[in-house]
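Let me begin by presenting the structure, written as structure tokens, before commenting on it.
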Amino acid sequence: MRSVRCALSSPSFSPLTVSDTHDTATWWERTHGNAESDLLIAYFSMEFAVDAGLPIYSGGLGVLAGDHLKAAADLGIPLVGVGLFYRGGYFTQGLSKEGRQTEEYHGVDPEAAGLVREPVSVDVELAGEKVTAAVWRYDVATAVGTTVPLYLLDVDMLTDALYSGDREHRIRQELLLGVGGVRALSALGLKPTVFHVNEGHSAFLAIERARELVEAGKEPERALEIVRRSTVFTTHTPVPAGNEVFGDDLVLRYVGDLAARAGLAKEDLLALGRAEGVSGFGLTPLALRLSAAANGVSELHGEVAREMWAPLWPGEEPRIGHVTNGVHLGTWLAPELEQLLRTVGVRPEAPPDEGNWDATYELDNEALWGVHAALKERLAALTGFDSKRLTIGFARRFATYKRAGLVFSDLERLLQLPVQIVVAGKAHPQDVEGKDVMQRIVELSRDPAVAGRVVFLENYDLDLARAIIPGCDIWLNTPRRPHEASGTSGMKAAVNGVPNLSVLDGWWAEAYNPEVGWALDGTTDEADAEQLYRVLEQQVVPRFESRDDWVEMMKHSIAQLAPRFSMQRAVIEYVERYYLPATAHVRAV
Ligand SMILES: *Cc1c(COP(=O)(O)O)cnc(C)c1O
């Protein structure tokens, strides 16, 4: 393994996040390292958000994938990421005179973004045409010197931009990721024991792995069984329409030959993507059939996914569990707050059960409020807000199910409250309705009657998220239940002592209790809006006026939720419940 276990004694070692007397061995080395020394996880995703300077993500899915790599690096887990390098990245958002989203694609300079060209290339056949991909490496490095490499494939024209083009362009990109990704790892001399398919986009990797095994002499059925046992699949989409589907003809044209080499006739291939209620070839059914372990991303989403996909296993218990998402604390905890927490003995970089989060309660109220007030000041410099006023944050992709307009549905009632709202987020370039909602909010923010109480910040990305979230007093989320599989921005808020006010959907359905925030039932738009205003008027605003009560809630939010919704906790669950058992199976064959 090249860089996973990069020297703890290397010169890049920084004492910043390692506390004095603690063992410098990583969690992996202390718990599983010796017995499992051949374990290597290959984590495939269409998006990765590792740095704002590498814009190859559109939202939560990419942030989750980036945080997964960072937490794995913290823990010293042998894992590599595999994705695509989009030369045009994801778009930079602007606003027209009319307040409509504009999109610009700026070329990403790979070297400036920190990518290193690997001395290998891989060929992939796309409907009879051979394309050759370059392979780049980005090292996700921690302050203690551990590193997880992210390999990114790149083909001129094909990886022009994220979510560009038509269905055919999309299947070509996804074949490059799945098939090319497997070949790139081989070319690099890496032999993963587990393949983690993060959302269905990369699921074709299973066909490529079966092909390799069949061409090496395995019986086709046996090959599929080996692939299944070493594949972990995470689904993120709780509504049927959100799961990716291709027409049969496109699949046969692009995947038919590869499948034939894996011993799969046309009808066998098509059967792998079939599901009740899905017309065409679904990547989620494909990934579910070719993985031994699958999971949703919150407890509630696990239930929804089991129900949704039950017809795939008639008469059997659906094989879908859940691992609730988390966030990488090293990325999302504001540095000023992190420093303050260290003064009472909290260790945010440690695995959650060793982090001593209960010490949060020992923080001096004035000191905690002082740090928060400074973060509010910094946000006020971006928004022009009154830094004393109660600040509500709402920032995420403008997908219509997230109902960004709900809090503005009775503007008069809202403006009677002593609050101000910061909004940010991109709409998918093809999402006309999402852009409509955004435009109405931008128009509102420009209305003199609103006079600086609603502000829209352009071009939401990792850096803007880090600036906005800790500077708010409460974090609002109003998804249409159960469309929010997890939601992670609320976790970023919670760990910074920003209480959540959210529909009981995704992660909040399991995180909520009255000590850490407020809950909305998630029924109809009208009922949710009414409940939202009532909670703001009768609970949030009065509590904000009582500083000690408010700070108490901030402490509960940090102490209770940071360890539970840390990405290290989630990655440890993946290791112990999925990666290690899958590796044991593979070793057995
Ligand atoms: C965390 C994050 C998201 C995801 O937010 P949700 O609340 O889960 O929708 C999207 N975009 C950026 C830039 C983020 O940092």
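Counting starts at 1 for both ligands and their atoms, following the listed order. Fair warning: this is a prediction, and the values are worked out from it, not measured in the lab.
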For a salt bridge (charged side-chain N to carboxylate O under 4.0 Å, His left out) check, start with the C-alpha distance between Arg167 and Glu244, then their side-chain angles and the critical distance, and finish with the verdict. CA-CA 10 Å; Arg167 300 306 297 155; Glu244 182 141 47; 3.0 Å; yes
Would you mind checking which non-hydrogen protein atom is closest to atom 12 (C) of ligand 1, with the distance to 0.1 Å? Tyr460 CE2, 3.5 Å
Tell me the protein heavy atom at minimum distance from atom 8 (O) of ligand 1, and give that distance in Å.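 Answer for atom 8 (O) of ligand 1: Thr488 N, 2.7 Å.
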With a cut-off of 4.0 Å, which atoms of ligand 1 are near a heavy atom of [X]?
X	result
Gly59	10 (C), 11 (N)
Arg396	7 (O), 9 (O)
Gly60	3 (C), 4 (C), 10 (C)
Gly487	8 (O)
Ala465	15 (O)
Lys402	6 (P), 9 (O)

Between [X] and [Y], a side-chain donor and acceptor under 3.5 Å:
X	Y	answer
His372	Asn496	no
Arg577	Asn295	no
Thr92	Glu104	no

Please check if the distance between the ring centroids of His68 and Tyr574 is under 6.0 Å. yes
For ligand 1, the portion of [X] having any non-hydrogen atom under 4.0 Å away:
X	value
Val63	side chain
Ser489	both
Trp332	side chain
Asp461	backbone

Just to be sure I'm reading this right: ignoring hydrogens, which of Arg397, Lys426, Lys492 gets closest to atom 1 (C) of ligand 1? Compare them by their nearest heavy atoms.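 Comparing heavy atoms across Arg397, Lys426, Lys492, the nearest one to atom 1 (C) of ligand 1 lies in Lys492.
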Looking at Trp518, is its backbone amide N or carbonyl O close enough to the side chain of Trp508 to form a donor-acceptor pair, meaning the two atoms are under 3.5 Å apart? yes
Can a salt bridge be assigned to the pair Glu349 and Arg342 using a cut-off of 4.0 Å between side-chain N and carboxylate O?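 Between Arg342 and Glu349 there is a salt bridge, with a charged N closer than 4.0 Å to a carboxylate O.
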Would Lys426 and Glu103 pass as an ion pair if we require N to O under 4.0 Å?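 Salt bridge flag = no for Glu103 with Lys426.
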Taking Asp473 as the fixed residue, which of Lys376, Arg543, Arg389 is the one that meets the salt bridge (Lys or Arg N to Asp or Glu O under 4.0 Å) rule?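 One option only clears the test, and that one is Lys376.
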